[in-house]
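This chain uses plain numbering: 1 for the first residue, then up along the sequence.
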Amino acid sequence: MRKFFLGLVLLLVAVAVGLAAWDPLTAEASPAPAFRPTDVQIARDKFGVPHIFGKTDADVAYGVAYAHSEDDFATLQEVIAMTRGRTGALLGADGAKIDYVAELLDIRKTAARDWPHLPADVRALFTAYAAGLNHYADKHPDEVRLSGLFPVTGEDVVAGFVLRSPFFFGLDSVLGRLTEGKPLFREGGPALDAAGKLVPRELTPVGRDPDHNGSNGMAVAPGRAPDGATRLVSNSHQPWTGGVAWYELVVHSGEGWDFAGANFPGSPYPFLGHNKYLGWTNTVNRPDLIDVYKLVLDDSGEKYRFDGKWLPLEKRRVWLRVKYGPFVLPVPQTVWRSVQGPVIKNAKGAFAIRYAGMDQSAMVTQYYRLNKAKDFAEWRAAMAGQGVPATNFIYADAKGNIGLFYNAMFPDRPAGFNWRGVLPGDTSADVWTKTLPFERVPALVNPRSGFVMNANNTPWVAAGPGSELDPAAFSPLMGIEDDMTNRAVRLIDLFGAPGPIDAARLKTIKYDTAYAKSGYAKVWIDRLLALDAKGDAQIAAAQDLLRAWDWNLDGKGQGDALALLVLRPANGSHYQRKADPDPMTVLRDSAAHLQTYFGTLDPALGTVLRLRHGEGAHRVDLPLDGGNDTVRASTLWDVEPDGRLKVRHGDSFIMFVTWDKAGRVHSESVQPFGAATTRPESPHYNDQAPLFVAHRLKPVLFDPAALRASGALFYRP
């Protein structure tokens with residue numbers, strides 16, 4: 001028996017060792033990219049923002065990777081693991097879900113197929129970026145979180161773009177509902193009947209959770225400015241930490257790449273910002289870019305009927321890596337694919353998914369070309385490449401041009417089908433293969449109003465009354481959204497007011513904290529005030545407070561904290577196109593929260609709404625203003641043990657860009673925390689927070705001479 005138990009123990013030890021070692025041993029590792037930088041320098045300004053200088057664009061990309069790693073190597077590794085199918089090995093079961101989606105969408109195959117055909121300069125840029133990541137990992141092995149994750153290749157980085165792009169227009173919602181076997185929500189755009197004609201709009205949820213898609217963008221033409229300047233405001237609403245949190249940087253290359261802006265972890269270039277000649281920002285748009293088909297399967301469940309024939313479903317067994325304690329367990333899964341695209345099976349059948357930008361990586365080229373455009377014509381030519389599947393672009397330049405482009409890869413859909421519902425999967429008649437050209441994208445260029453804006457709303461009203469686009473000029477098959485947000489209503493009112501718009505007025509517009517007394521907010525507040533308090537003194541007091549509220553979340557009037565709490569659920573329902581919650585429950589819960597934690601229904605807004613980051617000596621804890629759908633956005637928060645609301649998403653990277661009458665560029669920016677959000681020991685962990693809460697900005701030292709004069713430290717990676 002002793003021998004038996006000893007053998008059993010040895011077997012268990014062997015299994016444990018195997019489980020601990022199999023993940024790094026079986027991870028597919030590629031040779032390190034062969035790139036040696038020619039000349040790379042990094043400079044840090046007063047706020048730690050990296051300015052990367054290189055002889056070539058590839059040198060700069062190498063420096064971008066190294067500088068970002070210095071500030072947030074932990075998050076970069078999570079992004080890289082995501083592209084390599086090892087998120088589960090790093091983060092556990094939640095990460096394994098991402099790995100499953102990556103397998104379902106076949107991102108590695110797409111990246112491998114497209115990589116040899118990308119332009120040589122794009123491949124060089126991504127190869128250099130990967131080499132910069134590898135260089136940092138080699139120099140700091142103690143910071144590597146997952147054995148076998150490095151070296152990284154340029155192809156790996158491209159795969160990250162392929163994976164993340166469709167999730168900005170709602171693919172996760174569709175995948176989640178299908179996986180759970182729940183009914184699909186109505187897809188984006190106006191509802192259509194079976195013949196493809198418009199029917200009354202329904203308020204049902206679609207797309208991603210609001211904490212992943214927001215933003216304001218604004219541009220003002222010189223005709224509205226007393227000094228003849230052109231102005232652009234980038235006001236993205238993203239999570240404040242993690243894989244889609246903004247990272248500010250400035251780049252300068254001997255090959256003419258000069259740009260100031262911000263990117264996400266895993267990108268060799270900024271996604272928005274400005275160069276000497278022009279700039280742009282982005283806001284999320286939500287047209288209908290996803291189609292779902294119900295397949296007709298045979299008895300085996302592995303063949304589907306298509307145009308009268310039975311075709312085999314593509315079938316592939318994959319092994320997900322799931323971390324449990326010290327072990328990484330192999331979990332088998334099967335992924336399926338049909339002619340239409342990836343397939344999910346549930347209790348109701350098999351459903352194929354087709355989406356804009358599927359199986360392509362052209363976005364990596366488009367962003368690079370936009371970075372280097374020197375005038376409006378070059379910029380529009382880059383946009384016409386249509387690699388970015390969706391997102392609004394708000395544009396401005398040194399020559400006074402402004403514009404709003406409701407950019408999307410709109411499927412070229414045939415009429416005769418209900419494109420907002422589940423489509424028949426047994427015919428090729430509804431399987432689109434092309435997208436509409438860029439010339440069909442809704443756009444407003446140099447409108448008479450002298451401004452353009454977007455706040456995640458329909459594009460028709462981007463330039464205000466008198467400068468609208470005509471919806472009838474665009475096919476309903478495009479699925480263009482018809483939503484309005486409070487932010488959009490406020491911006492139209494503020495920009496539409498008479499008089500010039502100088503820098504001070506533009507700043508006041510951007511930091512507006514008011515709600516319009518119209519739309520969903522007015523309807524919702526009226527419902528709360530109409531509730532029968534039924535002798536409930538707290539409900540009656542809360543109603544009195546809301547009646548006295550001034551419709552402004554500036555933290556100066558009474559009732560702001562209560563209004564903040566009761567409006568968030570209403571905005572979530574409106575933004576996600578779903579039914580409102582129960583008004584009595586919302587009012588009762590909101591009032592109870594304030595009374596329990598603050599001893600009053602009317603604490604100061606800044607006492608409740610907080611910017612908090614870090615622990616101990618590195619902690620900041622500051623008051624905030626704004627709300628879930630105000631132009632000054634404090635969008636989502638976590639409730640802390642003391643009842644305070646710790647904001648985690650909303651106004652994130654903010655940039656004001658000005659081209660003066662002579663065409664010279666100047667810009668200012670700010671972040672909620674600092675340049676090094678995961679390095680508590682860094683002086684730039686939280687150093688921008690006091691500016692952020694005070695509506696103040698810092699200079700962007702875009703001119704290298706100004707950077708040097710500031711005393712910035714230069715070093716080589």
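With hydrogens and angles disregarded, a donor-acceptor distance shorter than 3.5 Å links the side chain of His593 to the backbone of Gly643. Formation of a donor-acceptor pair under 3.5 Å by the Asn686 side chain with backbone atoms of Ala689 is not found in this model. Not a single donor-acceptor pair under 3.5 Å links the side chain of Asn235 to the backbone N or O of Gly217. Put simply, the side chain of His649 gets close to the backbone of His237: a donor and an acceptor are under 3.5 Å apart. Under the 3.5 Å distance criterion, the side-chain polar atoms of Arg644 are matched with a main-chain donor or acceptor of Thr607. When atom types are taken as modelled, the side chain of Ser267 and the backbone of Phe264 share no donor-acceptor pair closer than 3.5 angstrom. Between the side chain of Trp379 and the main chain of Gly279, no donor-acceptor pair closer than 3.5 Å is present. Listed for the Arg696 side chain is no donor-acceptor partner under 3.5 Å among the backbone atoms of Phe692. Thr230 contributes no side-chain N or O that, together with a main-chain N or O of Ala221, makes up a donor-acceptor pair within less than 3.5 Å. At least one donor-acceptor pair under 3.5 Å links the side chain of Arg164 to the backbone N or O of Gly243.
Of the residues listed (Leu562, Leu594, Asp560), the one engaging Val608 in a side-chain contact (heavy atoms from CB on, under 4.5 Å) is Leu594, and it is the only one.
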Open item on the list: Is there a salt bridge (Lys or Arg N to Asp or Glu O under 4.0 Å) between Lys510 and Asp651? Walk through the geometry before answering.
Closed with: CA-CA 10 Å; Lys510 186 271 146 296; Asp651 273 4; 3.0 Å; yes
Task: Verdict with reasoning, Tyr520 to Asn571, per side-chain hydrogen bond (donor to acceptor under 3.5 Å, both in side chains) - done: CA-CA 8 Å; Tyr520 76 89; Asn571 172 250; 3.0 Å; yes
- [ ] Please lay out, stage by stage, how Val233 and Asn216 fare under the test side-chain contact (heavy atoms from CB on, under 4.5 Å).
- [x] CA-CA 8 Å; Val233 179; Asn216 307 319; over 6 Å; no
Open item on the list: Quick one, Arg612 with Asp642, criterion salt bridge (Lys or Arg N to Asp or Glu O under 4.0 Å). Give me CA distance, side-chain angles, the key distance, then yes/no.
Closed with: CA-CA 13 Å; Arg612 287 178 165 179; Asp642 63 358; 2.7 Å; yes
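Counting heavy-atom neighbours within 6.0 Å of Arg664 CZ, excluding the residue itself, gives a total of 12 or less. Under a cut-off of 6.0 angstrom, the local environment of NZ in Lys698 is crowded, with over 12 non-hydrogen atoms contributed by other residues, nucleotides or ligands.
Qualifying salt bridge (Lys or Arg N to Asp or Glu O under 4.0 Å) partners for Asp550, counting only residues two or more places apart in sequence or in other chains: none. Not counting sequence neighbours, the partners of His666 by the side chain to side chain contact (heavy atoms under 4.5 Å, CB included) test are Glu668. Under the rule for a side-chain hydrogen bond (donor to acceptor under 3.5 Å, both in side chains), the partners of Asp544 that lie at least two apart in sequence or sit in another chain are Arg547. Taking the salt bridge (Lys or Arg N to Asp or Glu O under 4.0 Å) definition, one finds that Arg505 meets it with nothing, sequence neighbours left out. Residues passing the side-chain hydrogen bond (donor to acceptor under 3.5 Å, both in side chains) test with Arg527, sequence neighbours excluded: Asp580. Residues forming a side chain to side chain contact (heavy atoms under 4.5 Å, CB included) with Val64 (at least two apart in sequence, or on another chain): Ile52, Val60, Tyr129, Leu249, Val251, Asn263. Under the side-chain hydrogen bond (donor to acceptor under 3.5 Å, both in side chains) criterion, Trp246 pairs with Ser236, not counting sequence neighbours. Under the rule for a side-chain hydrogen bond (donor to acceptor under 3.5 Å, both in side chains), Arg224 has no partner lying at least two apart in sequence or in another chain. With sequence neighbours left out, Asp526 forms a side chain to side chain contact (heavy atoms under 4.5 Å, CB included) with Lys522. Under the salt bridge (Lys or Arg N to Asp or Glu O under 4.0 Å) criterion, Lys556 pairs with no residue at all, not counting sequence neighbours.
A cation-pi arrangement is not found for Arg286 relative to Tyr406, the charged atom failing to lie both closer than 6.0 Å to the ring centre and inside a 45° cone about the ring normal.
Side-chain contact, Asn552 with Thr513: a donor N or O sits under 3.5 Å from an acceptor N or O. Side-chain polar atoms of Tyr247 and Asp71 form a donor-acceptor pair below 3.5 angstrom. For the 3.5 Å distance criterion, the side chains of Thr485 and Asn457 fail to qualify, holding no donor opposite an acceptor. Side-chain atoms of Asp629 and Asn486 include no donor-acceptor pair closer than 3.5 Å. Side-chain contact annotation: Asp625 with His695, donor-acceptor N/O pair under 3.5 Å present.
Remark: Phe393 CZ to Leu272 CG distance equals 9.0 Å, nearest 0.5 Å. How far CE of Met484 is from OG of Ser518: 8.5 Å, rounded to the nearest 0.5 Å. Met218 CE to Phe451 CZ: the interatomic distance, rounded to the nearest 0.5 Å, is 11.0 Å. Separating the CG atom in Leu444 from the CZ atom in Phe405 is a distance of 9.0 Å, to the nearest 0.5 Å. Note that the CG atom of Asp493 and the CD1 atom of Ile509 stand 10.5 Å from one another [nearest 0.5 Å]. For the atom pair CZ of Phe376 and CG of Asn446, the computed distance is 6.5 Å after rounding to the nearest 0.5 Å.
By the 4.5 Å heavy-atom criterion applied to side chains, Asp227 and Asp502 are not counted as neighbours. Within the 4.5 Å cutoff, the side chain of Val388 has heavy atoms near those of the Tyr367 side chain. With a 4.5 Å cut-off on side-chain heavy atoms, Thr677 and Asp72 count as touching. In this structure the side chain of Tyr515 reaches within 4.5 angstrom of the side chain of Leu553, judged on heavy atoms. The shortest distance between side-chain heavy atoms of Glu248 and Phe653 falls below 4.5 Å. The side-chain heavy atoms of Leu624 and Leu645, taken from C-beta on, include no pair separated by under 4.5 Å. For the pair Asn275 and Asn371, the minimum side-chain heavy-atom distance is 4.5 Å or more. Under the 4.5 Å side-chain criterion, counting only non-hydrogen atoms from C-beta, Thr391 is not in contact with Phe168.
Aromatic ring orientation, Phe714 versus Phe53: tilted (interplanar angle from 30° to 60°). Using the six-membered ring where Trp is involved, Trp257 and Tyr269 have ring planes that are perpendicular, over 60° apart on the 30 and 60° scheme.
Under a 4.0 Å N-O distance rule, the pair Asp621/Arg610 qualifies as a salt bridge. Contact check on Asp375 versus Lys399 returns no salt bridge, with no Lys/Arg side-chain nitrogen under 4.0 Å from an Asp/Glu carboxylate oxygen.
Among residue pairs with one or both ends in residues 673-684, those qualifying as salt bridge (Lys or Arg N to Asp or Glu O under 4.0 Å) are Glu143-Arg679; sequence neighbours excluded. Within the structure, side-chain hydrogen bond (donor to acceptor under 3.5 Å, both in side chains) pairs that include any residue of residues 595-605 do not occur (at least two apart or interchain).
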